[in-house]
**Q** 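My questions will all concern the structure given below.
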Amino acid sequence: MVRVDHRQVPWWKKGVIYQIYPRSFQDSDADGVGDLVGIKSRLDYLASLGIDAVWLSPIYPSPMADFGYDIADYCGIDPMFGDLTGFDRLLSAVHARGLRLLLDFVPNHTSDQHPWFIQSRSSRENPKRDWYIWRDPAPDGGPPNNWISDFGGSSWEWDASTGQYYLHAFLTSQPDINWREPQVREAMMAVLRFWLDRGVDGFRIDVLWHIIKAATLPDNPINADWTPDRTQRDRLIQLHSTDQPEAHAISADFRALADSYGDRVLIGEICLPNDRLARWYGTANRPQVHMPFNFQLIESVWDAAVIRQSIADYEASLPEFGWPNWVIGSHDAARIAARVGDAQARVAAMLLLTLRGTPTLYQGDEIGIGKVTIPPDRVRDPQGLRQPGLGLGRDRSRTPMPWDGSTHAGFSTLDPWLPLNEDWPTRNVAAQDRDADSLLSLYRSLLALRRSHDALAIGEITLVDAAEDVLAYQRRHAGESLLIVLNLGGKTRPLMLPTKTCVAEVLASTLLPSTASRSHRAFRSVDNVLAPDEGLVLRLKEKH
Ligand code: NOJ
């Protein structure tokens with residue numbers, strides 16, 4: 001089992017990260033879209049929730065073809081969200097509450113409206129031509145290779161005026177940057193410095209494993225397992241278009257820069273199997289990102305045995321100095337409550353906040369926003385629009401935060417850019433704040449528990465035997481031993497305790513969050529079962 005040097009635990013190891021999708025958090029200027037002033041007005045909520053850092057999805061000037069992941073200026077703020085002065089105010093306000101702020105850095109591609117690309121496409125002789133990936137057509141006049149965009153269709157777009165194709169892993173309006181060009185690397189490092197100098201606490205780095213492509217751009221191999229119900233991208237194995245050996249040097253350079261600023265953190269968005277994911281930590285001497293995002297809880301079926309195995313495999317894959325992390329929702333993934341239902345969303349909360357490693361919590365998951373039906377005329381996500389019928393649309397997870405029961409749920413005074421969750425009149429922050437047994441109250445109590453028990457924040461983890469449908473693990477630190485038992489099924493199951501232990505205290509329960517109480521404790525001691533959908537955090541003591 002990997003051990004932590006407890007004398008020097010950086011904030012991001014103990015901390016919990018909260019992802020804000022700025023368009024949908026809080027509108028302050030009545031345009032139906034969230035903004036920085038809106039976020040600032042909700043900082044007391046975030047502080048009271050008990051999270052440690054906020055990660056903002058992109059807020060830079062953008063034509064919004066991919067809602068901000070198409071950046072036209074890395075060093076500005078889109079007027080829709082505010083301006084740099086407003087950003088500085090937000091950052092100060094975040095810091096004043098003892099919280100940290102992470103930005104989203106998107107180095108793989110820009111918008112086609114970025115001045116770099118406008119210059120690059122202006123002529124073959126332009127000094128910025130090589131800042132992007134331009135190629136002549138294949139001999140038949142078609143695209144230079146068979147690569148498929150993540151949003152469907154060829155990864156190549158023809159530019160008639162200069163007679164070449166350019167590469168785009170996402171939309172045609174998101175041209176890929178050429179990271180083999182030294183000048184572009186320098187320009188990107190300057191971008192990072194711009195924000196680090198302003199005081200941001202780190203970055204989530206978008207599609208980091210895409211950043212550089214095989215030099216000769218060979219065809220990707222065909223994926224024999226592809227079926228038409230899957231995204232077009234998966235027709236090929238992204239062997240040459242992603243996860244190239246040269247990418248690790250770039251990742252290490254990002255880290256060296258971040259480290260030169262002290263206590264900053266880099267999180268890499270990287271979707272790879274464990275063995276390849278682990279390489280993004282780098283080595284002890286030449287570290288890369290602090291945390292390559294671990295999406296296993298998003299990708300896994302909701303099954304105790306499967307999740308147990310993935311925890312074991314993930315832990316085993318980490319380099320000795322590698323700190324784990326867990327993600328259960330995002331602006332791309334389906335909502336956790338939509339996947340597992342209301343009862344299990346409570347179990348999921350307990351899982352996320354009791355595993356070893358930094359948790360990332362996505363806005364709205366703390367009140368259990370579930371399935372949201374987006375009427376066809378309100379679909380906005382380009383991924384959903386370009387490949388309809390496959391359930392790929394991401395609007396379902398980007399609906400506005402419902403804050404209270406007032407018009408438009410207190411998000412805006414105008415009809416929001418995406419519809420609210422249908423059940424917003426009852427499923428909103430204010431309503432759940434009033435209810436001591438709500439999911440929000442459970443999140444608050446689990447976040448507080450994590451803060452007050454180092455065993456949860458930084459303790460070691462041991463998976464322990466459990467009944468069918470039950471996932472159980474111990475967290476231990478400095479003489480404290482906690483047992484987490486999670487019933488991922490709908491049947492009553494035996495509660496098995498490790499040998500020679502008994503329950504000293506029930507610290508949290510998914511079923512009775514307001515009463516990890518005396519009566520509950522007494523109940524537990526006579527009745528060693530887990531109710532359906534029940535999760536418990538128990539303090540153990542040795543049985544003499
Ligand atoms: C990953 C982001 O999370 C997603 O929202 C975006 O569409 C792609 N990267 C392209 O930037």
Side-chain angles (χ1 to χ4, degrees), residues 17-25 34 55-72 74 78 102-114 117 132 147-153 155 157 167-177 179 188 191 203-213 231-234 238 241-243 247 266-272 280 289 291-295 298-299 325 327-335 360-365 379-387 390 392-399 417-418:
I17 297 166
Y18 183 95
Q19 182 192 354
I20 287 185
Y21 194 67
R23 294 181 67 88
S24 296
F25 198 61
W55 147 36
L56 299 182
S57 278
I59 51 174
Y60 318 102
S62 164
M64 301 287 165
D66 191 19
F67 297 112
Y69 285 93
D70 48 326
I71 296 172
Y74 284 96
D78 194 283
L102 311 181
L103 290 184
D104 211 315
F105 178 49
V106 187
N108 178 71
H109 46 269
T110 66
S111 161
D112 63 353
Q113 299 307 305
H114 195 294
F117 188 71
Y132 293 82
W147 295 1
I148 296 175
S149 148
D150 275 32
F151 290 152
S155 287
E157 180 71 3
L167 185 72
H168 59 92
F170 296 91
L171 296 174
T172 54
S173 57
Q174 292 169 295
D176 277 33
I177 280 175
W179 275 83
M188 283 297 198
V191 167
F203 299 91
R204 173 266 193 190
I205 308 177
D206 190 66
V207 293
L208 180 56
W209 85 114
H210 274 259
I211 200 164
I212 199 162
K213 341 286 166 189
T231 167
Q232 288 180 30
R233 176 200 63 199
D234 292 347
Q238 293 187 320
S241 47
T242 65
D243 199 26
L266 298 180
I267 303 169
E269 189 207 11
I270 300 161
C271 301
L272 289 173
W280 292 85
V289 290
M291 293 185 283
F293 256 151
N294 165 21
F295 293 119
I298 285 180
E299 285 152 9
N325 76 91
V327 187
I328 218 161
S330 79
H331 64 295
D332 294 331
R335 287 273 184 195
T360 298
L361 166 62
Y362 178 55
Q363 74 176 49
D365 281 350
V379 173
R380 303 288 297 276
D381 176 32
Q383 177 158 283
L385 289 168
R386 282 171 63 96
Q387 298 183 78
L390 298 181
L392 297 173
R394 300 170 295 179
D395 295 325
R396 48 157 162 55
S397 312
R398 299 175 175 183
T399 58
W417 73 288
L418 278 178

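Both ligands and their constituent atoms are indexed starting at 1 by order of listing.
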**Q** ring-ring contact (aromatic ring centres under 6.0 Å, His included) between H331 and Y69: does it pass, once the steps are laid out?
**A** CA-CA 12 Å; H331 64 295; Y69 285 93; 5.2 Å; yes

**Q** Strictly under 4.0 Å, does any heavy atom of Q383 approach an atom of ligand 1?
**A** no

**Q** S111 pairs by side-chain contact (heavy atoms from CB on, under 4.5 Å) with which of V106, D70, L171?
**A** D70

**Q** Examine the proximity of ligand 1 to Y21 and report which part, side chain or backbone, both or neither, has a heavy atom under 4.0 Å away.
**A** neither

**Q** Within the 3.5 Å criterion, strictly below it, is a donor on S397 or Y21 matched to an acceptor on the partner's side chain?
**A** no

**Q** Side chains of D332 and Q383: is there a donor and an acceptor less than 3.5 Å apart?
**A** no

**Q** Using the rule side-chain hydrogen bond (donor to acceptor under 3.5 Å, both in side chains), only one of Q19, Q363, R204 pairs with S57; which is it?
**A** Q19

**Q** What are the atoms of ligand 1, with element, lying closer than 4.0 Å to any heavy atom of R394?
**A** 4 (C), 5 (O), 6 (C), 7 (O)

**Q** With a 4.0 Å cut-off on heavy atoms, is F151 touching ligand 1?
**A** yes

**Q** Would you please indicate if the ring centroids of H114 and Y74 are separated by under 6.0 Å?
**A** yes

**Q** What residue and atom, counting heavy atoms only, is the protein's closest point to atom 3 (O) of ligand 1, and at what distance?
**A** D332 OD2, 2.5 Å

**Q** Using a 4.0 Å cutoff against the non-hydrogen atoms of V207, which atoms of ligand 1 qualify?
**A** 1 (C), 9 (N)

**Q** What atoms of ligand 1 come within less than 4.0 Å of a heavy atom belonging to R398?
**A** 5 (O)

**Q** What do you reckon, are the aromatic ring centroids of F293 and W55 less than 6.0 Å apart?
**A** yes

**Q** Before accepting this row, confirm whether a basic side-chain N of the pair D66/R394 lies closer than 4.0 Å to the acidic partner's carboxylate O.
**A** yes

**Q** Out of all atoms in ligand 1, which are within 4.0 Å of some heavy atom of H331? Include the element for each.
**A** 2 (C), 3 (O), 4 (C), 5 (O)

**Q** Is the contact between H210 and ligand 1 made by the side chain, the backbone, both, or neither, using heavy atoms and a 4.0 Å cut-off?
**A** neither

**Q** Indicate, as side chain, backbone, both or neither, the part of Q19 found under 4.0 angstrom from ligand 1 when only non-hydrogen atoms are considered.
**A** neither

**Q** Nearest protein heavy atom to atom 1 (C) of ligand 1, by residue and atom, and its distance?
**A** D206 OD1, 2.9 Å

**Q** Looking at F151, W179, F170, which hits ring pair (Phe, Tyr, Trp, His ring centres under 6.0 Å) with H109?
**A** F170

**Q** Please could you name the atoms of ligand 1 that H109 approaches to less than 4.0 Å, counting only its heavy atoms?
**A** 10 (C), 11 (O)

**Q** Among protein heavy atoms, which lies nearest atom 6 (C) of ligand 1, and at what distance?
**A** D66 OD2, 3.3 Å

